[in-house]
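A short write-up of the structure that comes next.
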Amino acid sequence: MNEKFLKPYNHLEVEKNIYEEWLKSGYFNPDNLPKDLLAKNGKPFTIIMPPTNANGSLHAGHGLVMTIQDIIVRYKRMKGFKTLWLPGLDHAGFETQVVYEKKLEKEGRSRFEMEPKKLYEEILKFTLENSENIKTQIKSIGASCDWSRTKFTLDDDIVKTVYSTFKKLSDDDLLYRGKKIISWCPKHQTSFSDLEIKDEEKIEPYYYLKYGPFIISTSRPETKFGDKYVVMHPDDKRYVQYKHGDKFDTEWINGPITATIIKDSAIDMEFGTGVMTITPWHDPVDFEIALRHKLEKEQVIDERGKLLPIAGEFAGMGINKARPLIIEKLKTKGLVDKIDENYKHNIKTCYKCGTTIEPQIKSQWFVKMKPLALKALEKIKAGEVIYIPDQYEKITTHWLDNIIDWNISRQIVWGIPIPAKICDKCGTGIVDLENKEEKCKKCNGSLRKDTDTFDTWFSSGQWPFASLGYPDSNDFKTFYPTDIMETAGEIIFFWVSRMIMLGLYITGKIPFKTVYLHGLVLDAKGKKMSKSKGNVINPLDLTSKYGTDAFRMGLIIGNTPGTSLALSEDKIKGYKHFANKLWNITRFVLTSVEGENLDRTFVKWSDEDIKLNKELNSLLIDITSDIENFRLYMAGEKLYHYAWHCLADEILEQSKKVLKEGTIDEIKSRKQFLLYSLTTVLKALHPFIPYVTEEIWKDMPVANKKMLMIEEWPV
RNA sequence: GCGCGGUUAGCUCAGUUGGUAGAGCAUCCCCUUGACGUGGGGAGGGUCACAGGUUCGAAUCCUGUAUCGCGCACCA
């Protein structure tokens with residue numbers, strides 16, 4: 001027996017070598033898998049790794065992603081599939097720019113004072129440097145992905161694919177440049193899609209103001225300067241004497257104005273006084289009303305959230321500062337009817353910084369989503385993609401049923417530049433991949449290059465086929481559509497649903513057969529981890545303290561699909577003990593079977609060992625089905641239980657007696673069983689705890705042994 | 001407001017088609033047993049949120065209630 005088993009298991013010594021050995025073997029690359037392993041199956045199996053944001057360090061959630069996928073991938077590889085796990089890194093547009101802006105802020109700099117080109121180069125450098133750290137960290141979780149195929153979302157070929165999709169959308173009339181009301185973050189100074197917005201409940205004063213003969217109500221008096229339309233429901237009996245289009249003069253914030261009566265059934269008669277004034281430039285509902293009646297629209301608040309000259313004496317002020325002053329003025333003018341101080345309502349905020357979203361009218365590129373969504377719905381309803389857990393299917397179809405056009409323009413430098421030209425004169429947008437258009441086709445006006453970049457999800461929505469080299473590569477032909485998309489439930493709309501729509505649109509196929517969604521990794525108390533709370537668990541601290549295997553088990557066991565997991569250090573500690581237990585089981589088995597080799601042709605089993613063999617085999621069938629059905633938590637727990645409480649506590653104990661007092665045949669049989677059960681357990685546990693199993697495997701007395709990672713799955 | 005999910009041992013959670021409740025950790029007691037004290041043996045602890053219903057039988061199916069969490073939509 002190797003002397004290493006005389007000491008307790010030391011994960012630090014083992015882990016640093018094993019990953020290198022795996023890498024050197026080349027088996028992470030499906031093209032290098034041995035023929036005899038593939039002979040039994042050989043079908044391709046593919047997981048595209050969700051491209052990791054290259055702007056920070058790995059967090060516990062990444063740990064979970066890597067572990068779940070690695071377990072499945074290692075299992076499939078042992079099952080003889082031509083297994084590809086394709087790793088990727090994400091430039092993560094807006095997310096990364098925010099991270100970098102914070103860094104700039106600390107250094108006393110600001111993106112708004114920088115040349116766009118210089119800023120881009122700095123962020124690129126930052127991202128590339130970080131990418132290397134991230135890769136190292138992914139490796140340290142034991143991820144058996146094919147690094148030779150690593151893709152970055154800004155790689156030339158990816159950008160090329162994204163551009164051709166953009167062009168195709170335009171050619172198919174699914175893309176347009178529209179001047180519409182969009183969500184705008186005054187802090188980050190970019191527009192968003194509807195998904196980057198978070199609702200937040202706030203209690204704010206609510207003002208009832210006198211507007212001519214009416215009382216209108218608002219929580220946003222600072223938007224009201226330009227309001228010159230007063231809207232009510234056509235059926236509202238209280239206001240029958242007012243006719244649509246009637247005009248009246250009234251005193252307003254900054255002097256007399258002429259107001260026009262508008263009748264529109266969007267008005268809720270039950271709410272407030274049933275009358276409101278509208279601010280089409282800064283409110284989506286008002287914008288719609290203005291469109292219906294062809295009303296004028298005027299901007300009141302600028303991109304930085306400051307009031308424009310229309311606000312008169314308040315021009316240049318920020319909203320928060322101006323609001324009380326405006327109310328003060330309205331009070332002096334006798335235009336305030338009453339104020340409700342405790343008005344509870346939801347306001348839209350930037351999901352990243354919490355700044356109140358200021359809707360603005362802007363020209364942006366929009367993708368018409370309805371036609372794409374309809375096709376996706378058809379396929380989803382036909383069961384062509386399986387959701388795990390299945391309630392995500394309903395969540396998805398509901399979202400698709402109510403989908404709105406997707407604003408893919410972002411006013412940030414960090415991203416893929418939109419290959420288009422804009423006419424200065426008439427605002428027409430022209431898709432221009434070759435950068436050759438010079439004159440507007442509509443008005444012959446001069447064109448300028450669009451300075452916006454794509455929403456990062458527009459490019460990552462194409463990731464499965466783009467990363468595989470669509471349309472001509474062998475990889476695309478072999479590995480697409482992929483088998484499993486495993487990612488966080490949080491990005492079901494952002495990413496998963498858009499991949500389905502865009503994948504279907506471009507390739508005609510949903511890019512994956514199964515969607516597996518995991519929940520959040522929370523701290524030991526079940527609270528969301530956040531830097532500000534200081535409860536962030538760094539995976540690398542845990543792996544160095546307890547071992548990667550222990551960390552992986554801690555993430556998997558007790559974690560059901562879609563639900564969040566409270567991760568405690570004690571739990572991980574318990575699985576460190578498990579790795580050591582396995583180590584000691586090996587020590588006992590190897591000393592007990594000295595001189596004996598595993599013989600798969602052995603048949604002279606004792607009655608007792610026949611029973612034990614049966615039990616073990618039924619466990620294997622059981623856990624194989626668990627893995628196939630994504631019950632990793634259950635497979636892991638059953639294997640843990642078997643190794644510790646069946647093999648160690650019972651079988652090993654009982655073997656002491658058999659080996660001492662049994663007949664020659666009984667002893668031989670038991671030695672074979674000990675070897676068979678241990679090697680089998682090592683194989684079955686390998687996907688879960690790859691390091692310690694691979695290390696032990698080196699010393700197993702097995703003929704024609706390969707690396708454990710490419711041994712055949714035992715059932 | 002609409003929809004979805006949870007509510008099981010002190011804690012974190014399992015419980016796959018209905019058949020007298022399980023795991024890990026924690027607690028308590030015992031064991032210097034030659035694989036392992038990162039160990040072994042044993043114990044305590046649950047009216048499975050509540051109220052009805054279906055059934056020979058319900059943690060599991062149905063209805064309702066409470067409560068927590070999430071998603072979507074919102075009225076200015």
Side-chain angles (χ1 to χ4, degrees), chain A residues 1 5-11 194-195 199 206-209 216-221 223-224 227 230-232 264 266-279 282-286 289 343 345-348 389-399 401-402 489-490 492-493 519-520 522 524-526 528 546-547 550 553-554 557-560 562-592 622 625-626 629-631 633-634 636-638 640-641 644-645 647-649 652-653 655-656 674:
Chain A
M1 184 190 66
F5 292 109
L6 296 176
K7 290 184 293 179
Y9 176 61
N10 183 334
H11 63 270
D194 51 319
L195 292 180
D199 283 344
Y206 193 61
Y207 309 98
Y208 291 83
L209 307 175
I216 58 149
S217 50
T218 182
S219 59
R220 304 209 54 197
T223 64
K224 298 274 146 206
D227 288 12
V230 57
V231 193
M232 57 211 73
D264 192 289
I267 301 298
D268 182 352
M269 289 185 273
E270 309 290 312
F271 186 82
T273 55
V275 182
M276 70 175 197
T277 61
I278 57 165
T279 314
H282 301 292
D283 186 286
V285 176
D286 298 2
I289 293 172
Y343 180 65
H345 67 154
N346 288 330
I347 57 163
K348 290 178 175 178
D390 59 4
Q391 65 257 32
Y392 276 104
E393 184 179 320
K394 270 190 216 162
I395 295 174
T396 300
T397 52
H398 180 259
W399 184 71
D401 280 334
N402 297 290
E490 275 185 310
I492 177 91
F493 306 140
L520 296 170
L522 308 171
K525 289 174 190 151
K528 197 167 175 172
Y546 302 108
M553 285 293 265
I557 294 187
N559 191 358
T560 48
T563 57
S564 50
L565 171 82
L567 184 64
S568 75
E569 226 175 295
D570 273 349
K571 188 175 174 192
I572 296 167
K573 199 164 135 194
Y575 294 115
K576 176 182 155 70
H577 297 172
F578 178 59
N580 190 56
K581 187 74 185 181
L582 214 51
W583 194 252
N584 282 301
I585 290 171
T586 308
R587 179 168 159 189
F588 176 83
V589 171
L590 291 182
T591 37
S592 307
D622 225 19
S625 146
D626 286 336
N629 292 293
F630 301 98
R631 297 188 294 260
Y633 62 99
M634 198 165 268
E637 198 174 313
K638 282 176 186 165
Y640 172 91
H641 189 266
W644 200 312
H645 300 296
L647 183 56
D649 289 349
L652 259 51
E653 287 306 323
S655 298
K656 289 174 187 170
L674 287 176

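The chains referred to below are lettered A, B, ... by the order of the sequence lines, with proteins before strands, and numbering in each begins at 1. Only this structure's heavy atoms are used, side chains among them; waters, hydrogens and symmetry mates stay out. Model, not experiment: these values are computed from the prediction.
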Test side-chain contact (heavy atoms from CB on, under 4.5 Å), reference A/L209, set A/D227, A/T277, A/T218, output is A/T218
Minimal non-hydrogen separation, A/V285 against A/D283, with atom names: N-OD1, 2.9 Å
Quote, to the nearest angstrom, the P distance that separates B/C50 from B/U67. 15 Å
Counting side-chain heavy atoms from C-beta on, which of B/G39, B/U12, B/A76 comes nearest to A/K581? B/G39
For B/U32, the Watson-Crick or wobble partner whose two distances fall under 3.5 Å: none
What is the nucleic acid contact for A/Y208, judged by heavy atoms within less than 4.0 Å: base, sugar-phosphate only, or nothing? nothing
B/C25 -> Watson-Crick or G-U wobble partner, both distances under 3.5 Å, gives B/G10
For B/C2, what is the paired nucleotide under Watson-Crick or G-U wobble rules, both distances under 3.5 Å? B/G71
Is any side-chain nitrogen or oxygen of A/Y575 closer than 4.0 Å to OP1 or OP2 of B/C25? no
Send over the distance from A/F588 CZ to B/C36 P, rounded to a whole Å. 10 Å
Could you tell me the separation between the CZ atom of A/F578 and the P atom of B/C36, rounded to a whole number of Å? 18 Å
In terms of side-chain heavy atoms of A/N584, which of B/A35, B/A14, B/G71 is nearest? B/A35
Does A/S568 have a side-chain nitrogen or oxygen under 4.0 Å from the phosphate oxygens OP1 or OP2 of B/C25? no
Does B/G37 have a Watson-Crick or wobble partner in any strand here, with both distances under 3.5 angstrom, and which is it? none
So which nucleotide from B/U38, B/G15, B/A35 ends up closest to the side chain of A/Y633? B/G15
Provide, to the nearest angstrom, the distance between the CG atom belonging to A/L565 and the C1' atom belonging to B/A14. 13 Å
Atom-pair distance (CG on A/D649; C1' on B/G40), nearest Å: 7 Å
Rounding to the closest angstrom, what is the interatomic distance between B/G6 and B/A59 at atom C1'? 14 Å
Rounded to the Å, how far apart are A/E653 CD and B/C36 P? 11 Å
Report yes if some heavy atom in the side chain of A/S568 is under 4.5 Å from a heavy atom in the side chain of A/I572; otherwise report no. no
Would you classify A/T560 as touching base, sugar-phosphate or nothing, given that sugar-phosphate means primed atoms plus P, OP1 and OP2, and contacts are heavy atoms under 4.0 Å? sugar-phosphate
Yes or no on ring pair (Phe, Tyr, Trp, His ring centres under 6.0 Å) for A/Y343 and A/H345, after CA distance, side-chain angles and deciding distance? CA-CA 6 Å; A/Y343 180 65; A/H345 67 154; 5.0 Å; yes
Just checking A/G574: base, sugar-phosphate only, or nothing, at a heavy-atom cut-off of under 4.0 Å? nothing
How many Å lie between NZ on A/K571 and P on B/C11, as a whole number? 16 Å
Can you tell me the distance, in whole Å, between the CD1 atom of A/I557 and the C1' atom of B/A14? 11 Å
Using heavy atoms to find the nearest nucleotide of RNA chain B for A/Y640 and A/M634 separately, return the residue whose nucleotide is more 5′. A/M634
If we take the C1' atom in both B/C29 and B/C70, what is their distance in whole Å? 45 Å
Salt bridge or not between A/K348 and A/D199? Use side-chain N to carboxylate O under 4.0 Å. no
Return the pairing partner of B/G18 with a 3.5 Å limit on both distances, Watson-Crick or G-U wobble; otherwise return none. none
Between B/G19 and B/A26, how far is it from one C1' atom to the other, in whole Å? 32 Å
Mind checking A/K656 for me? I need base, sugar-phosphate or nothing, with any heavy atom below 4.0 Å counting as a touch. base
Rounded to whole Å, please give me the gap between CZ in A/R631 and P in B/G15. 9 Å
In whole angstrom, give me the gap between the P atoms of B/A51 and B/A66. 15 Å
What's A/Y9 touching, base or sugar-phosphate or nothing? Going by heavy atoms closer than 4.0 Å. nothing
For B/C50, the Watson-Crick or wobble counterpart (both distances under 3.5 Å): B/G64
Counting the atoms with a prime plus P, OP1 and OP2 as sugar-phosphate, which does A/A579 contact under 4.0 Å by heavy atoms, base, sugar-phosphate, or nothing? nothing
Phosphate oxygens OP1/OP2 of B/G39: is one of them under 4.0 Å from a side-chain N or O of A/H645? no
What class does the angle between the rings of A/Y206 and A/Y208 fall in, given that below 30° is parallel, 30 to 60° is tilted and above 60° is perpendicular? perpendicular
Check this for me: A/K573, atom NZ, are more than 12 non-hydrogen atoms of other residues, nucleotides or ligands nearer than 6.0 Å? no
Among B/A14, B/G40, B/A76, the one nearest any side-chain atom of A/W644 is B/G40
Can you tell me how far C1' in B/C30 sits from the matching atom in B/G22, rounded to whole Å? 25 Å
Within the 4.0 Å heavy-atom criterion, would you say A/L590 contacts the bases, only the backbone, or no part of the nucleic acid? nothing
Strictly by Watson-Crick or wobble contacts shorter than 3.5 Å, is anything paired with B/G44, and which nucleotide is it? none
Applying the 3.5 Å cut-off to both distances, the Watson-Crick or G-U partner of B/G57 turns out to be none
Write down the distance separating the C1' atoms in B/G44 and B/G10, rounded off to the nearest Å. 12 Å
Under 3.5 Å: donor-acceptor pair, side chain of A/N402, backbone of A/H398: yes
Starting the side chain at C-beta, find the nucleotide from B/C72, B/A14, B/U38 nearest to A/H398. B/C72
Residue pair A/D626/A/A266 against RNA chain B: nearer the 5' end by closest nucleotide is A/D626
Closest nucleotide among B/G40, B/C4, B/A76 to the A/Q391 side chain: B/C4
Ignoring backbone atoms, test whether A/H345 places a side-chain nitrogen or oxygen under 4.0 Å from the OP1 or OP2 oxygen of B/A76. yes
If you only use heavy atoms from C-beta on, which nucleotide in B/G71, B/A73, B/A35 is closest to the side chain of A/L652? B/A35
Side chain of A/W583, backbone of A/F578: donor and acceptor closer than 3.5 Å? no
Mind checking the P distance from B/A43 to B/A58? Whole angstroms is fine. 29 Å
